[in-house]
Amino acid sequence: MAIEVVTMPQLGESVTEGTIGEWLKKVGDAVEKYESLLEVQTDKVNAEVPSPVSGIVQKILVEPGTTVPIGTPICEIAVEGEAEAPAPAAAAPEAPAAPAPAPSEAPAPAAGSVAEGRGRYSPAVRRLAQEHGIDPAAIAGTGAGGRVTRRDIEAAIAAASAAPQAPAPSPAAPTAASAPAAASAPAVASAPAVIEDVDTVEPLTPVRKVIAERMVRSKQTVPHAWIMVEVDVTGLVALRERIKEEFKAREGVSLTYLPFMMRAVVEGLRAVPVMNAQWNGDSVVLKKRINLGMAAATDRGLVVPVVKDADQKNIVGLAKATQDLVQRARAGRLTMDDLSGGTFTVDNTGAVGTILTYPVINAPEVGIVTMESVVKRPVVVDNMIAVRSMVNVCLSFDHRVVDGADAGKFLQVVKKHLESIGPETSIY
Amino acid sequence: MAVLSYLEAIRETLRQEMRRDPRIIIYGEDVGVRGGVFRVTEGLQKEFGEERVIDSPLAEAAIVGTAIGAAINGLRPIPEIQFADFIFPAMNQIIQEAARIRYRSNGAFHVPLVIRAPFGGGVHGALYHSQSVEAFFAHVPGLKVVIPSTPYDAKGLLAAAIEDEDPVLYFEHKAAYRSVKGEVPEERYLIPIGKADVKKPGRDVSIITYGLMVNYSLRAAEELEKEGISCEVLDLRSMRPLDVEAILETAKKTGKVLIVHEDNLTGGIGGEVSALIAEHALFYLDAPIVRLAGPDVPAMPYSPPLEHAFMISPEKIRDKARELAQF
């Protein structure tokens, strides 16, 4: 026996509810299909409603005199026998089954047409950016496809006006514990330039724009910490002096300190894997490959080509790889592949004569190390003052991922490796 | 305050106005003895007599044409077109005559006329009993077009339309007649024609709409509120003249505009509203203006599933508004 639920029928257009007039059948009564079951009153019509099925009235759900919306269950009829016979649901044949409202679906994903939201700004965003001197590119978008919304830029304006001008962090702050910058610093408008008649205004080149955007993003989103060690490279200097002519003649490239530094960095990264990692918002990605970016100055600006799998190359291999990348960088012949995939960056700042720098991390990498100028200095060795070739190695690291202890350990490994090189060390 | 249905509010307003002003006459098909096919004018002939509540021939051009003549000569006719779908035979009278007499006569004559007509679908009325016709008239200078969304507005707008010295088209949504209820004050009040109404304030998305869709939009807004999306619902109330100020204000406030109407998309009220925003509020927009409207098909289908597909539902409004909020 199946139970058939009878609902309030629609008795005319514009009629949305009906009042039960009188039940013509009582609970327990048998009713034939199409036999009058009840009277319904609306303000347009009174009608007898036929039973949609034959059966026994099981339950009356709505009392006479009560007004209920169309589609409300009003009575249940037990259908004899054939339980599987699907009976029509509506009481009156002319009453359309009210289409069920679409089930509440999961929030629709953002429209596909806005997937390219990043870098395209609505008129509202452009106006607000201009009025408040804010670069929308520096704002993390919360709209579809990462689009910067009006709400985002309004929040940035509010944050910028609420936050007092933070003093610029001292670039030479020597302790790893120096307070990291806020991870989500508000986009603050750059101070406008003062242009006088004699000045030259050069529009930004695409490369300069990219550099600017990456630098701002790194400095605004990555809490930089900085440490430095002094390294005695007297042995390395002697080794290089001894073999550089021969090396050039045999290998066809000059032997610089950079390949040695890269070898040392590889050792450091092996010892402290968390330095060879990337920040991923809610996780840290520990990179398996060791691909070392090397900052290279060119006429067009800074580029950072990448020596892939640096851990699988010896000094000769590193020397050739770096020389090749530098030459192609200066000729403007680097490929996208050359410039991508880095997991850590080495910056040979000594080439420009510095002894101490505060490098900017190439996000999402978590560290960048420099090799400063090799200079002869008086140092104390075994309680005697000696003239040694010294170099400073500086490290900026992402303090969200790496703590000072690990960073220190990394530099100690680099230092130990460089200092272990003697005049007779084999480079093969 | 009494809770009345949308239909009762219209009937009681007609009654109140007719008691107040003896110049008012009602004129239309079946409005007298039968009290109108929807019972809007039920009991009025009994109270005001056959001279003031007149059963007309089935001739819409004649209904409106004679009403124009009566209006010019000092009466306040409120002709009823039984279904808005039947108004087309009277188009010539409405557009060529009623809308233009004040202009043509250099102000010597004017036509204080209110044409009432039930419109809209979703009530299984099929091709000839479901149309939305407001856009045809909103195009015409010299006419005013109003559509109430609530019993309160139905009363105030009808009284204002009767008070107006020029022709007003007053469209009533059939599906709202008995489904929409609300409190209506006893005393007479006017809702100025050309003033929109913020039915619900919000901050993320503006839903600009009118008529039955106001009720659907409010339902959609209520659901979205639970998801943390705040919709402002602006009820235009008047399709001509549009309340430009209110439209721009809400567009500027949220920067995201969803326009909803049951009338089909092309050439609908939404196009005009959208153009106004594009002209005057471009730099406040944070997303493309979105229109949710009936499809451009020749008529409301008879088949219930197809009718359901044609009609704008609270769910469709909710989904569109959510999409816009997330843009």
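Letters A, B, ... mirror the listed sequences (proteins, then strands); counts begin at 1.
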Are more than 12 heavy atoms from other residues, nucleotides or ligands located less than 6.0 Å from atom [atom1] of [X]?
{"X": "Glu225(B)", "atom1": "CD", "value": "yes"}
{"X": "Gln278(A)", "atom1": "CD", "value": "yes"}
{"X": "Glu131(A)", "atom1": "CD", "value": "yes"}
{"X": "Phe86(B)", "atom1": "CZ", "value": "yes"}
{"X": "Arg15(B)", "atom1": "CZ", "value": "yes"}
{"X": "Glu47(B)", "atom1": "CD", "value": "yes"}

Next item on the list: Go through the atoms of Thr254(B) and report whether side chain, backbone, both or neither lie under 4.5 Å from a heavy atom of chain A.
Entry: backbone
Checklist line | Test item: Arg178(B) side-chain N/O and Glu17(A) main-chain N/O as donor-acceptor pair under 3.5 Å | finding: no
Next item on the list: Work out which heavy atom in Ala287(B) is nearest to a heavy atom in Ser122(A); give both atom names and the distance.
Entry: N-CB, 4.4 Å
Margin query: If the threshold is 4.0 Å, N to carboxylate O, is there a salt bridge linking Asp286(B) and Arg147(A)?
Written below: yes
Note to self: Side chains of Arg150(A) and Tyr284(B), heavy atoms from C-beta outward: is any pair under 4.5 Å?
What the structure shows: yes
Notebook entry, point to check: If you measure from CD on Gln326(B) to OG1 on Thr149(A), what distance do you get to the nearest 0.5 Å?
Noted result: 12.0 Å
Item checked: Option in His173(B), Glu307(B), Lys252(B), Lys256(B) with maximal non-hydrogen atom pairs under 4.5 Å from chain A -> Lys252(B)
Margin query: Let's go through Leu282(B) and Arg127(A) carefully: what are the C-alpha distance in whole Å and the side-chain angles of both, what is the deciding distance for side-chain contact (heavy atoms from CB on, under 4.5 Å) to 0.1 Å, and is it a yes or a no?
Written below: CA-CA 10 Å; Leu282(B) 177 70; Arg127(A) 177 180 57 85; over 6 Å; no
